[in-house]
Amino acid sequence: MTHIPSPAEELRLLDAELRQLDARWSQLLARRGWLVATLDAARPAPVAAPPRPEASPPRVQNVLLILGGALLTIAAMAFTLVGWGHLGIVGRSAVLGAVTVAALATPVPLLARGLRSTAEAVAGLGLALTVLDVYALHEVALSEADGAGYTAVATAVLAALWTAYGLLPRTAELRLPLPTALTSAQLPLLLWVLASDAGPYWLAAALLVTAGFDTAVALRVPTRSVRVAAAVGAYGMGAGGVLTAGGLSWTAAGPSAAARAAALLLLAALIALAAAWRTAVVAAPLGGLLLVAAVGSVPRVVLPEVWTVPVYLACGVALLAAVRAQRLPEPVRQGLGQASAAVQALAALWAAPLVAVTLLGPLAWIDRPWSGAPSDIRAAVTAEVPWPPQSETAPLVLAAIAAVLAFTARPGARTAALVLAWATALVLPPVLELPYEAGLLVALSLTALAMISAAPTAAVLAVATSLHAALLALAAQSATLTVLTTLTILFAAASWRRAVIAAPTALAYATALTCAIGAAADWAPQHTALLVLTVPVAAALLAARDAEAALPIEVTGVTAGLLAIVLTITDPPMLALVLALGGVITAATALRPDRRPVAYASAALFVLATWVRLAAWEVGIAEAYTLPVAIPALLVGALRRRRDPQTSSWTAYGPGLAATLLPSLVAAWADPHWTRPLLLGLAALSLTLLGGGHQLQAPLLLGGAVLALDALHELAPYIVQVTDALPRWAPPALAGLLLLALGATYEQRLRDVRRVREVLGKMN
């Protein structure tokens with residue numbers, strides 16, 4: 001049989017086992033600590049990583065060599081400039097010559113031993129000493145020579161000596177002499193021109209010849225350091241020469257000066273094209289531009305100033321002939337094409353101010369409409385803006401660029417050609433100073449031609465031209481009526497093909513025409529509004545026939561309707577009529593299946609019309625304003641519940657009931673008479689009974705709440721009297737009794753509340 005110990009014995013056993021566990025736990029912790037300490041002691045100490053050098057040995061070597069060479073050079077300069085006077089002529093020459101020869105000869109054994117960097121440093125010192133030799137020679141023997149001329153000869157001699165030194169068999173491995181010689185070769189011609197005071201033409205020629213020499217070196221010498229130095233020199237000297245020659249060409253006063261500047265620009269163009277012929281693709285567009293500047297220099301001086309841009313444009317267009325020449329390399333042809341495009345773009349940019357003045361200048365007539373037709377169309381477009389000077393040849397420039405683009409097979413070229421042709425036709429009447437009526441006729445004809453065109457951009461150009469014509473027509477009343485009528489008919493006829501743009505534009509001009517007719521007939525603004533309303537009617541009819549353009553057409557119609565409302569804002573009876581007519585138009589639009597939501601706008605317009613009419617009649621009864629809203633809302637709600645019985649009574653009847661009950665309740669509380677509260681109470685009681693009978697929450701709760709508040713308003717005087725008759729302690733005592741009663745029947749009240757909630761929940 002199993003021995004079952006007593007509780008006391010079992011407790012003793014458990015205590016003994018717990019003591020054993022505690023002892024074992026302490027033993028294991030001590031053992032763990034010893035093992036951790038043993039492992040830490042046996043672990044080898046981390047070896048510190050050696051510091052990483054911050055500079056590599058070759059870099060340190062180069063720094064030391066450069067610093068040493070610089071110090072030696074400074075010492076040589078100090079010796080030459082300061083210590084020169086302590087030695088005789090023979091001693092001076094011997095010391096400096098010996099040091100120079102030693103510095104130039106030392107790189108040979110250094111190169112033989114493989115010490116290339118040291119050899120480069122010593123060679124640099126030797127080259128610097130040759131400069132000091134030249135300076136010393138001038139100070140001792142040639143001090144009377146001109147400084148600039150002597151420097152020109154000295155730099156040429158140094159360039160030759162350094163070149164020869166860099167080409168020797170033993171020193172050909174050095175990289176410093178040849179770039180240094182090329183750097184020195186940049187100065188002889190420039191210094192010679194400055195010394196001889198030859199003038200700016202020779203200065204530009206010296207710069208360009210030097211740039212040509214650098215270009216030849218950069219294209220033919222294979223050494224990379226020499227090519228880099230030559231390229232830098234070519235771009236630097238070439239930029240100076242081109243800027244100088246360009247300034248001379250622009251300021252040339254006669255054909256002779258222009259021809260000399262053109263020769264310089266032609267030389268620069270040949271250098272750039274020669275570079276582009278070999279490798280330098282970037283030089284091809286520059287060469288083309290320089291060629292245009294060179295060829296156009298002389299005609300620019302000979303012809304009147306107005307022909308300057310056409311001359312350069314003709315030269316730029318002539319470059320396209322070279323683009324089609326198959327003998328030229330592809331990079332050169334592409335560069336010339338880019339240069340031609342740049343010239344054409346600059347010419348178009350030059351003509352842009354004239355286009356802007358022609359297009360936007362007529363905006364000035366908005367501030368002074370019908371003030372009288374100007375003498376010509378140029379006076380019409382420059383009513384408040386100045387005419388761009390020397391712009392009479394702008395139509396020729398625009399037409400030429402358009403013709404070039406028309407024959408270009410690139411994306412977007414045809415569109416750009418169409419825009420430029422349109423700009424040409426737009427600016428031609430003011431340039432020719434055509435009569436005012438002729439200018440309007442040209443604008444209308446251009447609008448018609450643009451609408452006939454099948455290009456997508458043509459419609460936008462037609463709208464822009466029509467705005468230009470409409471603004472020009474504001475100068476005279478007859479012109480305004482004629483142009484607006486023509487534009488309305490023109491765009492209405494074009495709406496069969498371009499309804500999305502033409503139809504809204506036609507409606508916009510029809511709106512402007514109705515306003516102009518009203519102003520011409522001296523109608524009051526509110527009477528003109530009735531004529532403006534014909535535009536929303538037409539918009540509603542057009543939108544119903546063309547679904548694709550329905551939205552822009554309807555937006556234009558809405559804009560015209562808002563304008564009509566603004567025109568009648570000071571005449572309430574007429575405003576009510578306009579609002580009601582707007583409600584009719586929107587109600588007719590709402591009959592379309594895809595425009596059902598417009599019915600809300602129609603209802604709002606009818607309500608606003610009713611309110612404005614009542615305000616015009618000085619009606620102050622609130623129900624007169626609320627019932628026109630409530631009755632249609634309740635009818636709509638009833639129809640909705642008839643179609644969908646699951647619709648909530650709050651959705652169907654809530655807005656209509658609230659729209660009439662709440663304002664009437666506010667008016668009843670402020671009404672000292674008994675008629676309104678009585679009628680409101682009867683109506684609220686009827687709604688409450690109706691809601692309870694049909695189990696509808698909205699009528700039941702809204703009617704009950706309004707009935708209770710209305711009754712409270714009627715009983716308020718008596719409650720005040722009773723409160724005044726009671727002693728001061730009575731209200732607190734009554735409140736206490738009420739709280740006790742509620743507390744005693746708390747659970748019963750909760751059950752009643754749940755029962756009411758369940759009843760209301762079952763209602764719709």
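Note: hydrogens, waters and symmetry copies are ignored here, and every other heavy atom, side chains too, is used.
Scanning for side chain to side chain contact (heavy atoms under 4.5 Å, CB included) contacts around L581 gives L530, L533, L577, with sequence neighbours left out. Every salt bridge (Lys or Arg N to Asp or Glu O under 4.0 Å) that R333 has, sequence neighbours left out, goes to E330. Qualifying salt bridge (Lys or Arg N to Asp or Glu O under 4.0 Å) partners for R300, counting only residues two or more places apart in sequence or in other chains: none. Every residue two or more places apart in sequence or in another chain was checked for a salt bridge (Lys or Arg N to Asp or Glu O under 4.0 Å) with E384, and none qualifies. In this structure, the side chain to side chain contact (heavy atoms under 4.5 Å, CB included) partners of T215, at least two apart in sequence or on a different chain, are L219, A234, I271, A275. Every side chain to side chain contact (heavy atoms under 4.5 Å, CB included) that V607 has, sequence neighbours left out, goes to W611, V629. With sequence neighbours excluded, the residues satisfying side chain to side chain contact (heavy atoms under 4.5 Å, CB included) with E437 are P435.
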List the atom pairs, donor and acceptor, that lie under 3.5 Å between side-chain atoms in residues 543-557 and the rest of the protein, sequence neighbours left out.
unit_1	atom_1	unit_2	atom_2	d
D546	OD1	E548	N	3.2
D546	OD1	A549	N	3.4
E554	OE1	R595	NE	3.0
E554	OE1	R595	NH2	3.1
E554	OE2	R592	NH1	3.0
E554	OE2	R595	NE	3.1
T556	OG1	P552	O	2.8

Side-chain donor-acceptor pairs under 3.5 Å in residues 394-422, sequence neighbours left out?
unit_1	atom_1	unit_2	atom_2	d
T408	OG1	V404	O	2.8
R414	NE	A406	O	2.9
W422	NE1	T465	OG1	2.5

Under 3.5 Å donor-acceptor pairs involving side-chain atoms of residues 247-254, not counting sequence neighbours:
unit_1	atom_1	unit_2	atom_2	d
S249	OG	S297	OG	2.8
T251	OG1	G247	O	2.7

Residues 467-479, side-chain donor-acceptor partners within the protein, below 3.5 Å, at least two apart:
unit_1	atom_1	unit_2	atom_2	d
H468	ND1	T358	O	3.1

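Every pair tested for side-chain hydrogen bond (donor to acceptor under 3.5 Å, both in side chains) that includes a residue from residues 447-458 fails, sequence neighbours excluded, so the list is empty.
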